[in-house]
Amino acid sequence: MGGSAAAPAGTQDPSSIPPPPPGYPPYPGAAEPKKKRGLLIAAIALIVIMVLCVGGGVVAFLTLRDAETGQGAKEPAVAVDEFLTAVYKDRDATKAASRVCAASRDDKKIAAKVAEVEKYATEYQNPRFRWTTPKVDNQTGERATVSTRVTMTTSDEKVADQDLRFTVVQKSGWWVCEVA
């Protein structure tokens, strides 16, 4: 048993086996998904818009919920009496406006009414204004209708009457909202 051993029968010499064919390239698999930047930017923009809208709504609510500045009158008739005093006796548009609800407050119209009363003072001899005690005709919750009669009397015996009807609302006190 000497020299070289012969390969067992049925097996081949390893040096005589041809080399394997070259390998195939690796399978590429699934491509890496592309980043969806457009969708991300749109989502961020939508979130920012929603935050701004909600924030703006909250600010508007907090600003407008108590738009009445100061304290209104304790009763509807008192609110009307204070308004009439400011217009006809004090002839003070600012004071009159402070008795009007925020929804109806129009400084130009109130100033025009006060100017009209002052015009009567220059056209007529010593005009005096008085009114009947304001009477609550109808009151339901936060709304009331109040009526009174304003009378102007001059020193030369001229008399003029005007029936007025006020709509008064309750928000941190009673405020005049409409005069008819």
Side-chain angles (χ1 to χ4, degrees), residues 41-180:
I41 291 171
I44 290 172
L46 183 63
I47 290 170
V48 169
I49 290 170
M50 291 299 292
V51 168
L52 290 175
C53 287
V54 170
V58 169
V59 168
F61 172 75
L62 294 175
T63 302
L64 299 176
R65 71 180 171 143
D66 290 324
E68 307 302 340
T69 55
Q71 187 67 25
K74 293 183 181 189
E75 297 293 327
V78 173
V80 170
D81 192 56
E82 290 174 353
F83 176 77
L84 291 171
T85 300
V87 171
Y88 290 103
K89 289 196 175 174
D90 300 338
R91 296 182 191 139
D92 184 347
T94 304
K95 187 175 178 184
S98 73
R99 308 315 311 150
V100 175
C101 69
S104 297
R105 192 173 299 137
D106 184 345
D107 292 334
K108 289 180 182 179
K109 284 184 178 180
I110 295 169
K113 182 62 180 176
V114 170
E116 178 184 330
V117 172
E118 287 178 346
K119 181 180 162 194
Y120 292 145
T122 59
E123 288 181 7
Y124 297 99
Q125 294 178 7
N126 194 22
R128 293 179 310 279
F129 296 92
R130 60 184 167 81
W131 47 90
T132 59
T133 302
K135 177 184 163 219
V136 178
D137 298 325
N138 185 14
Q139 183 173 348
T140 55
E142 297 179 353
R143 192 174 190 89
T145 306
V146 180
S147 61
T148 189
R149 175 178 287 214
V150 176
T151 303
M152 180 183 80
T153 309
T154 64
S155 57
D156 62 347
E157 304 294 326
K158 292 182 181 173
V159 177
D161 290 326
Q162 182 179 19
D163 290 323
L164 296 176
R165 185 178 199 114
F166 296 84
T167 301
V168 186
V169 296
Q170 205 279 332
K171 291 179 183 176
S172 71
W174 289 93
W175 304 84
V176 173
C177 259
E178 185 178 317
V179 181

Say you draw a straight line from [atom1] of [X] to [atom2] of [Y]; how long is it, rounded to the nearest 0.5 Å?
{"X": "T154", "Y": "Q125", "atom1": "OG1", "atom2": "CD", "value": "6.5 Å"}
{"X": "L164", "Y": "T132", "atom1": "CG", "atom2": "OG1", "value": "9.0 Å"}
{"X": "D161", "Y": "T153", "atom1": "CG", "atom2": "OG1", "value": "8.0 Å"}
{"X": "D107", "Y": "T94", "atom1": "CG", "atom2": "OG1", "value": "7.5 Å"}
{"X": "Q162", "Y": "T151", "atom1": "CD", "atom2": "OG1", "value": "10.0 Å"}
{"X": "K74", "Y": "W174", "atom1": "NZ", "atom2": "CH2", "value": "15.0 Å"}

Query raised in the report: Partners of E157 by side-chain contact (heavy atoms from CB on, under 4.5 Å), sequence neighbours excluded?
Result: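 For E157, no residue satisfies side-chain contact (heavy atoms from CB on, under 4.5 Å) once neighbours in sequence are set aside.
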Query raised in the report: Cation-pi between R99 and W175: NZ/CZ under 6.0 Å from ring centre and within 45° of the ring axis?
Result: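 Checked: cation-pi criterion met.
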Taking all heavy atoms of [X] and all of [Y], pick out the closest pair and write down the distance.
{"X": "A96", "Y": "V87", "result": "CB-CG2, 3.7 Å"}
{"X": "A79", "Y": "V176", "result": "O-CG2, 3.8 Å"}
{"X": "A77", "Y": "P134", "result": "CB-O, 3.6 Å"}
{"X": "V169", "Y": "C101", "result": "CG2-CB, 4.1 Å"}
{"X": "C177", "Y": "S104", "result": "O-OG, 2.7 Å"}

Query raised in the report: Do other residues, nucleotides or ligands put more than 12 heavy atoms under 6.0 Å from R128 CZ?
Result: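 Yes, enclosed.
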Query - salt_bridge(K113, E116) N-O dist < 4.0 Å - result: yes
Requested in this report: Among residues two or more places apart or on two chains, list those pairs meeting salt bridge (charged side-chain N to carboxylate O under 4.0 Å, His left out) that have a residue in residues 85-94.
Outcome: D90-K95
Report task. Assign the ring pair F166 / F83 to parallel, tilted or perpendicular, where the plane angle (0 to 90°) is split at 30° and 60°. Result ->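 Plane angle over 60°, so perpendicular.
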Query raised in the report: Heavy-atom distance under 4.5 Å between the side chains of V80 and L84, does that happen here?
Result: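 They are in side-chain contact.
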**Report entry** Donor-acceptor contact below 3.5 Å, side chain R105 vs main chain A97
**Finding:**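 Judged by distance alone, yes, a pair lies under 3.5 Å.
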**Report entry** side-chain hydrogen bond (donor to acceptor under 3.5 Å, both in side chains): pairs with one or both residues in residues 134-144, sequence neighbours excluded
**Finding:**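 Found D137-S147.
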